[in-house]
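Inspection log for the structure reproduced underneath, given as structure tokens.
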Amino acid sequence: MNVRKIKKLFPAKPTLEGAGVRLHRGFGYEEVPLFDPFLLLDDFGSSDPQDYLPGFPWHPHRGIETVTYMIRGRVEHEDSLGNKGVIADGDVQWMTAGSGIIHQEMPQQYRGTSKGFQLWINLPRAKKMMPPRYRGILSKDIPTVERENADVKVIAGNYQGTAGPVADLAVHSVYLDVALRARQTFSCEVPSHHTVFLYVFEGSIVIGDDEVIHESIVVLTLEGSTVSVNTRNEGARFLLIGGEPLGEPVAWRGPIVMNTDEELERAFEEYRNGTFVRG
Ligand code: FE2
């Protein structure tokens, strides 16, 4: 058993996005290619609706997947495929932009403190121009593995024999939401060479001998076959996300991520002249 150690910690940074949404960015453009195949993790939510109501009006994506997970709150969405709906308390939207999608994501007024995450997963060269695909997963369809030490929601990938509802993944990955009780240990087997990170959003965890990690911090781990996390006197809730690195060049501008600058130019040209969305 080769237990993963901490490679680096990334405190989430206040960031202004969309039409003026105040959120916290765990990692993004500056960190490429450290999190390969992942590009970005945003943590959004607030008790002040002014922080999120401006939303993310119509914008394009190409070459990536965006995964939105709402813990609490509501986001209305609509896209060029004709999908329209609400991502609410515990729901996930797994959107594969592929060759191109234009959508809007508008958080709705919520009483209390809303909380949600958006993860960007890069697509490999061979899949960047695949037909766009949208999957909405309701909270009730996400299995929870209940153990003495923890409750683990399996959104994608596999945990102790339970598979997540998002199958046929473009990139081999795992996405877990772990609620670990106080004074417990959580472990999970992962492929040794995959990129694996944790994002603590409640309480605190301990990794290795002594390192206490509080909420709003991304923990990027070194290679190894096991992730092991402890808690002390308080429990914790964290995302565990892992995936197979692509090892390809990244050409990234705004909401579009390709392999080369020429492909980026073409994408923006097509967006300007109205040919961005295929068929
Ligand atoms: Fe988007």
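Read the numbers this way: they start at 1 and go in the same order the structure lists the ligands and their atoms.
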What is the distance from atom CH2 of W120 to atom CG of L41, rounded to the nearest 0.5 Å? 12.0 Å
For D51 versus P54, what's the shortest heavy-atom pair and its separation? C-CD, 4.3 Å
Hey, would you say the F197 and F27 ring centroids sit under 6.0 Å apart? yes
I want to know whether F10 and F35 have ring centres closer than 6.0 Å. yes
With sequence neighbours excluded, residues passing side chain to side chain contact (heavy atoms under 4.5 Å, CB included) with Q108: R74, E76, M106
Centroid-to-centroid, H103 to H77, below 6.0 Å? no
Among protein atoms, how many N/O/S atoms lie less than 2.8 Å from the Fe ion (ligand 1)? 4
